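Note that the coordinates shown come from a computational prediction; the quantities given were computed from them, not determined experimentally.
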Amino acid sequence: MKMYKYLTFITVLVLVCNGSADILNFSGGDKSNYTFPKEFFFGVSTAAIQIEGAWNEDGKTESIWDHLIHTNPDFVRDRSNPDVAADSYHLYKRDAEMVHELGVDIYRFSISWPRILPTGLANEVNPLGILYYKNLINELVKYNITPMVTIYHWDLPQKLQDIGGWTNAHIVDYYTDYANVLFANFADKVKYWVTFNEPMQTCLEGYGGTYRAPALDRHGIAEYLCTHNLLKAHASAYHLFDQQYRPTYGGKIGMSLDSNWAEPKANTSKDKAAAELYLQTHVGWYAHPVYSAEGNYPPDLIRLVDEKSRQQNYTRSRLPKFSPEEVVYIRGTADFFGLNHYTTYMLSMADGEVGKIPSHENDIGIVRVQDASWPSMSSSSWLKVVPFGFRRLLRWITKEYNNVPIIVTENGYADFSGVHDDARVSYYSHYLNALLHAIHEDNSSVIGYFAWSLMDNFEWDDGYVSRFGLYLVDFKSPNKTRTAKDSARLYASVVSSRGLPADYDPEDFTAFSAASKLVPTVLPVLPLLPLYRLIL
Ligand code: GBH
């Protein structure tokens, strides 16, 4: 027994020290001469409220984000708002030109529901809203760029929130009507549709928590109601498209789910189970009903929420249930798996209760941390650079959902601004290297990749502090001047050469300590020193 433990210890040690070997390579693999397959496509992503501005122009009404920030300016780190943002409502021609400069195949943007339907309902379609997106689409097509539309990227009309938003069961019809207006007007030219961007952020963070609009904090109840209606709305839009539009126009439709990779905290069967449970009850919460062979919520989620609800004396489970007909109606309603991926966490089982009671976090009972040694000086504190996590997640999704075609609809890095963005160049190089390994060595079923984001934009609660753009936006200039960063040149070269730059070094993570020089000088530097030492 003792000997066995000793050997395990040695094995762990060897695995840790031997980090550069094969899949254990931190960067996701040695430098490869692999190239991206011929049919593989590249794109860049944005979202309406993060770039458009013109929040009340030409008939648009308030979205839940406009409303949250207008009524609670302290929600945003720099007390800014998305009223003007990058002013893409007026500068869309320059945006299309930038997409063209990058040489990518597809531009993913979102449509603002309250710009199209000012009452939230389809009784009144705003012709100027339709015109704006027609102009943008025509501009893209002019450059031979394929438009990909996200139907819902978090900006619900406030008028629908007033009547319950995603917890109101009638939203399934309202959403389907809205999607119908978009299909009817744009399906002739839009060839990719994303029904929802990151529904977990909408429901878990917006209804269960306070991190996203509408910041309801009705944890343990509302995140489950929201998810239930949202999944039905997704399926309803899919069937509408599939039956009434696809036969005439063709095109593909899917959903974009956010997922971190989950690494077991220790190499124990308990922590491995915690990591698997995290994936099943987070990304799987949305993916299992749509992409698994059997459909419905993941069995672990049903068991855990039912059990907790019983212990807590609820008359019925806080998790609403799909009928057998609904399971079938939702299952298989996607042509591709959209994945938004940024970072990795380590998981272990909780000792006793965690999170608020009741809540999704408490129901699941696992603990999530990040390793202090993982590089990052990102302006987004959660964004640790862990390329191997990307590779492992792609392999997990490929296996779990039976070789579903995966489109990485977002991946990117945040800093505090500047055109010489070494850290972003390094992030993209490492993650694209991991992606090449995922494709060529693991047979992961990835067919396309989008960088987040085309340009700096309104980063939700981080306002304009956190910059994700390939193009820098000068938010102080009257015409919101856009300038290509070094990362834009890197990305353009990957797209045209279909491989990594010759000077890329998979062992080199120094850009993430040097990135600290971009921290605004007003921040006290001393408290950062211990962090610095951990990384060096
Ligand atoms: C995406 O969200 C959005 O689609 C996009 O609009 C946004 O600008 C971009 O990425 C950059 O943030 O939520 O506790 O797991 C990313 C959502 C936010 C998910 C941070 C992971 C980590 C903390 N991510 N989150 S937690």
Do [X] and [Y] have ring centres separated by under 6.0 Å?
| X | Y | answer |
| --- | --- | --- |
| Tyr291 | Phe337 | yes |
| His70 | Trp55 | yes |
| Tyr132 | Tyr89 | yes |
| Tyr431 | Tyr427 | yes |
| His288 | Tyr297 | no |

Under the criterion side chain to side chain contact (heavy atoms under 4.5 Å, CB included), which of Phe450, Trp452, Tyr491 is the partner of Val44?
-> Tyr491

Have a look at Leu160 and tell me which of Tyr178, Tyr174, Tyr175, Trp166 forms a side chain to side chain contact (heavy atoms under 4.5 Å, CB included) with it.
-> Tyr174

State whether the side chain of Asp177 and the backbone N or O of Ala122 hold a donor-acceptor pair below 3.5 Å, judged by distance alone.
-> no

Evaluate the ring planes of Phe458 and Trp460, with Trp represented by its six-membered ring, and classify them as parallel (under 30°), tilted (30 to 60°) or perpendicular (over 60°).
-> perpendicular

What orientation do Tyr464 and Phe475 show, parallel under 30°, tilted 30 to 60°, or perpendicular over 60°?
-> tilted

Give the intermediate values and the outcome of side chain to side chain donor-acceptor pair (under 3.5 Å) for residues Tyr224 and Asp363.
-> CA-CA 12 Å; Tyr224 296 123; Asp363 290 336; 2.6 Å; yes

Give the C-alpha distance, both sets of side-chain angles, the deciding distance and a yes or no for side-chain contact (heavy atoms from CB on, under 4.5 Å) between Thr202 and Tyr152.
-> CA-CA 10 Å; Thr202 295; Tyr152 185 76; 4.0 Å; yes

In Å and rounded to the nearest 0.5 Å, what is the NE2 to CD1 distance from His360 to Ile364?
-> 4.0 Å

Any donor-acceptor N or O pair under 3.5 Å, side chains His90, Asp87 = yes

Looking at Lys399, Arg391, Arg392, which one forms a salt bridge (Lys or Arg N to Asp or Glu O under 4.0 Å) with Asp442?
-> Arg391

Can you check side-chain contact (heavy atoms from CB on, under 4.5 Å) on Tyr133 and Phe109, steps first, answer last?
-> CA-CA 10 Å; Tyr133 296 106; Phe109 60 95; 4.1 Å; yes

Step by step, work out the side chain to side chain donor-acceptor pair (under 3.5 Å) result for Thr46 and Ser453.
-> CA-CA 6 Å; Thr46 61; Ser453 176; 5.7 Å; no

Is the shortest distance from a Lys or Arg side-chain nitrogen in Arg77 or Glu459 to a carboxylate oxygen in the other one below 4.0 Å?
-> no

Here the pair of heavy atoms bringing Ala237 nearest to Ile253 is O-CD1, 4.3 Å

